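Comments concern the structure below.
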Amino acid sequence: MQRRVPQFLLRGPFNTWGFDSGITSKMSQTADNRWELELMTNWPTIVEVNVFGFNEYFYGDTDGDGIMDRLPPNSVAPNYLNISAPPKPHLAWTLVIDDKTLAWSLEPRGQSIV
């Protein structure tokens, strides 16, 4: 599969901003241009998408248009993906990123009945 980035890593309160290595934060490439990771945490939450695991190269969505933005490392503007609670009866989201357009979306997962 063709890829434009070596990896996508998620950091946020769900994994103590990357310090909790027991929680999966590495997205997997499932198709050309498509990266996915299932995420279940306390809702609402925020995450940032990191490429190399360093603090200076991360993506968020500052303007809320569904396309990830990369700000310079010295920017003080918050640069996160804001994620609200999934619709009932779902428990979690699958975060989907297209590495060609940097568009991101959410797909509901899980059943609260189970």
Side-chain angles (χ1 to χ4, degrees):
M1 291 180 280
Q2 183 179 7
R3 64 172 61 186
R4 289 168 179 77
V5 294
Q7 64 185 356
F8 276 130
L9 306 169
L10 291 184
R11 299 189 321 176
F14 78 97
N15 66 355
T16 319
W17 296 99
F19 291 107
D20 189 347
S21 60
I23 298 175
T24 302
S25 64
K26 187 174 182 179
M27 298 185 80
S28 57
Q29 188 177 18
T30 58
D32 280 348
N33 310 325
R34 185 175 167 106
W35 296 77
E36 294 183 356
L37 180 69
E38 289 188 18
L39 179 65
M40 188 165 112
T41 185
N42 296 326
W43 308 110
T45 192
I46 55 174
V47 295
E48 66 183 21
V49 181
N50 198 310
V51 175
F52 298 112
F54 305 121
N55 287 333
E56 65 267 357
Y57 200 98
F58 57 88
Y59 292 94
D61 191 2
T62 57
D63 50 6
D65 63 352
I67 306 295
M68 293 192 310
D69 308 307
R70 180 172 178 249
L71 296 180
N74 60 352
S75 174
V76 294
N79 195 19
Y80 305 113
L81 303 180
N82 293 314
I83 303 175
S84 61
K88 295 204 183 286
H90 303 290
L91 294 173
W93 288 111
T94 295
L95 176 63
V96 179
I97 297 176
D98 182 339
D99 68 4
K100 184 176 183 179
T101 62
L102 293 181
W104 68 281
S105 61
L106 298 168
E107 297 174 358
R109 292 284 189 258
Q111 295 288 330
S112 61
I113 299 167
V114 176

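Computation of the quantities below employed the complete heavy-atom set of this structure, encompassing side-chain atoms and omitting hydrogens, waters and symmetry-equivalent molecules. Note that the structure is predicted; figures quoted are calculated from it, not measured.
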Over all atoms of both residues, closest heavy-atom pair of H90 and P86: O-CG, 3.8 Å
Side-chain donor-acceptor contact under 3.5 Å, R4 with N33: yes
Report the C-alpha distance between N79 and L71 in whole Å, list the side-chain angles of each, state the deciding distance to 0.1 Å, and finish with yes or no for side chain to side chain contact (heavy atoms under 4.5 Å, CB included). CA-CA 7 Å; N79 195 19; L71 296 180; 3.8 Å; yes
Tell me whether the count of non-hydrogen atoms from other residues, nucleotides or ligands lying under 6.0 Å of CG in N42 goes above 12. no
Run W104 and V49 through side chain to side chain contact (heavy atoms under 4.5 Å, CB included) and show every step you take. CA-CA 11 Å; W104 68 281; V49 181; over 6 Å; no
Quick check: closest heavy atoms across P89 and Q111, and the distance to 0.1 Å? CG-OE1, 3.2 Å
Give a yes or no answer on whether the side chain of S25 reaches the backbone of L9 with a donor-acceptor pair at less than 3.5 Å. no
Separation between OG1 of T94 and CE of M27, rounded to the nearest 0.5 Å: 9.0 Å
Main-chain N/O of L10 paired to N15 side chain as donor or acceptor, under 3.5 Å: yes
Should the ring pair W43 and W93 be called parallel, tilted or perpendicular, given that the plane angle runs from 0 to 90° and is split at 30 and 60? perpendicular
Mind checking the CZ-CZ spacing from F52 to F8? Nearest 0.5 Å is all I need. 10.0 Å
Taking all heavy atoms of L95 and all of L106, pick out the closest pair and write down the distance. CD1-CD2, 3.8 Å
Could you list the residues that satisfy side-chain hydrogen bond (donor to acceptor under 3.5 Å, both in side chains) with E36, not counting sequence neighbours? R34
For the CE atom of M68 and the CG atom of L102, what is their distance to the nearest 0.5 Å? 4.5 Å
